[in-house]
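Taking it in order: structure first as structure tokens, then the write-up.
First listed ligand is number 1; within each ligand, the first listed atom is number 1.
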Amino acid sequence: MEIDQCLLESLPLGQRQRLVKRMRCDQIKAYYEREKAFQKQEGHVKKLKHGKNHRVHFNLADMIQDAIIHHDDKEVLRLLKDGADPHTLISSGGSLLHLCARYDNAFAAEILIDTGVNVNHQDEDFWTSVHVACACDNPDIVLLLLAGANVLLQDVNGNIALDYAMEGTESSCILLTYLEENGVDLNSLRQMKIQRPMAMLADVKQLILAGGNVNQKNDKGVTLLHIACANGYKDVASLILDHGADVNVVDNQYWTPLHLAAKYGQTNLVKLLLMHQANPSLLSYSDEKPSDIAASEFIEEMLLKAETVWEEKMKDPLSVSALSQEEPYEEIIQDLPALSNKLNPLALPIAKQDSLLEKDTMFKDATKALCKQQSQDTASDNITVTDTTKLEQVKLMPPAPNDDLATLSELTDSSLLYEIQKRFSNNQIYTYIGDILLLVNPFKELPIYSTMVTQLYLSDSGKLCSSLPPHIFSCAERAYHMLFQERRPQCFILSGESGSGKTEACKQIVKHLTCRSSSSRSTFDSKIKHVSSILSSRIYTYMLEKSRVVMQPLNQSNFLVFYLLMDGLSAEEKYGLYLSNLSAHR
Ligand SMILES: Nc1ncnc2c1ncn2[C@@H]1O[C@H](COP(=O)(O)OP(=O)(O)OP(=O)(O)O)[C@@H](O)[C@H]1O
């Protein structure tokens, strides 16, 4: 039913509304009919191809990993009976036992040991499952593994499992008793560990003597300086720096040696790098400065001061020479907290730190912070940064009674609007309404999307964590788990008017899901980023709605992909496609 717009506008209001309603009904009817016809056709094609409806299939190796993670004991037994390989390797090169150690699944671990798996299997960082069990403090698994495992096996950093067991934990006590009972002397273990930096120092000296390049990168862009700084090998770092190492060198993830020293709590290395004019303001791949990821407040404070000094230097380059290299950090280093004698458990391979320790520690920190805030002030107006937590963690609001509007006692337009407005003014932009997540676009950057936050929302079961506020990451997490539970594709429906934040929400969902794609996360992440930038309908600060492609307003850009296309085509190809200059096309 087509009606002329002018005619429509000339009608009285009531008549116009009735007409428009009829038009809508016709449209919807036509839409359903088209859909029905389309589905029939699709079903026919699928039947021809497969003879049955499409379903997602998982292989046994994936299914057994999932069953171990979710403590689904029956499923583990069934899968093993159906032929799942107990020697299956997981993405980190570890075994299923590593997975049991990570997820504290003693039942599955026992079954796997009974089938004869190698309890001393080492993953790509040479971690055994005892290393994992200690790092995650899962004492039942430690006890179970002691029966056959060699607890003195070293990982890539020369650390034995005990080095990752926090002092005073049950895992640490079990291991210490075991070592004592077996006559292992802790002092000789320490000596063994000290040999590592000595060996590196000797290797580096030899490299320098032979005229080698101290800035040589490996396939991950990592240099000797990165390694020395992450591990706290001060003598090695000093030597390399004195022989022309680039202090601001970045690896493939844009991590500088300063990022690593800060992240792994190597206070002296942070100081050394700053004295060698390391730039404290460089951003990593995930847009973080070294101060954002500092392992201790002390390091963070040192870096923040250095950032100020650096900024001043940038404003007035002449002052660089006026600044003594030692002075700015001299005063700080005197307050250096006493270094512990214990083997340093922070000297972890980066991937391990991220996947094992960071999540647990952060979660504890964040929940601590959230509880603290909640008891201080439930209205969350007076948010204070606690001593033990990072800024970005506290910016997550504490859970509140109005997190789910479906639970309100009075549900009217005005009560809903009131609650949403109240939340919005608290920067609580996400609200649940039952299963639906409502977002109010804040049009400003909120520190609630960092990798740390996404880690917090990772859940083993897919259940919403009650100590975390509503968030797009929790929806992404739920979809991820539903994928496994229902064994069929999941989809997100993002609805809202133009500019309401659908594209951004979609990006956050993808970001969270890429975190789940464990092994090749960084490459997957960058692939996704590339795709989104090509498909982007917005360029720089211009807004280009898809509907505007047919009518492009003055001074607004086209789709990014169009410029890329024009850039890549030869003159002949352009001619063949009737393309002339950029501005001639809408
Ligand atoms: N969660 C958010 N936090 C901060 N700013 C946001 C958020 N979501 C959206 N924005 C801001 O709003 C702008 C528009 O959002 P977005 O592009 O996601 O809207 P959209 O719903 O996809 O619009 P359209 O339907 O026109 O494509 C973004 O460029 C960004 O500046």
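- In terms of N/O distances under 3.5 Å, ligand 1 is not approached by Ile429.
- Contact annotation for Gln508 and ligand 1: no heavy atom of the residue comes within less than 4.0 Å of the ligand.
- Contacts of Ser570 classified as side chain to side chain donor-acceptor pair (under 3.5 Å), with partners at least two apart in sequence or in another chain: Glu573.
- What you find for Tyr457 and His512 is that their closest heavy atoms are CB-CE1, 4.0 Å.
- Nearest to atom 6 (C) of ligand 1 by heavy-atom distance, out of Asn441, Ile448, Thr503, is Asn441.
- The shortest heavy-atom contact between Met302 and Val270 is CE-CG1, 3.9 Å.
- Residue contacts with ligand 1: Pro442 is included, with a non-hydrogen atom under 4.0 Å away.
- Within the 4.0 Å heavy-atom cutoff, Glu445 does not count among the residues contacting ligand 1.
- The closest approach between a heavy atom of Lys507 and any atom of ligand 1 is not below 4.0 Å.
- Closest approach of Ala278 to Val247, counting heavy atoms only: CB-CG2, 3.7 Å.
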Side-chain donor-acceptor contacts of residues 433-449 below 3.5 Å, not counting sequence neighbours, with atom names and distances?
from   : atom 1 : to     : atom 2 : distance (Å)
Asn441 : OD1    : Phe443 : N      : 2.8
Asn441 : ND2    : Gly499 : O      : 2.9
Lys444 : NZ     : Asn427 : OD1    : 3.1
Tyr449 : OH     : Tyr430 : OH     : 2.7

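- Any N or O atom pair closer than 3.5 Å counts here, and Ser500 shares at least one such pair with ligand 1.
- Numbered from 1 in the order shown, with element, the atoms of ligand 1 that lie under 4.0 Å from a heavy atom of Glu497 read 21 (O).
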Subject >> Residue pair Phe562, Leu579: steps toward the side-chain contact (heavy atoms from CB on, under 4.5 Å) verdict >> reply: CA-CA 11 Å; Phe562 177 66; Leu579 292 171; 4.2 Å; yes
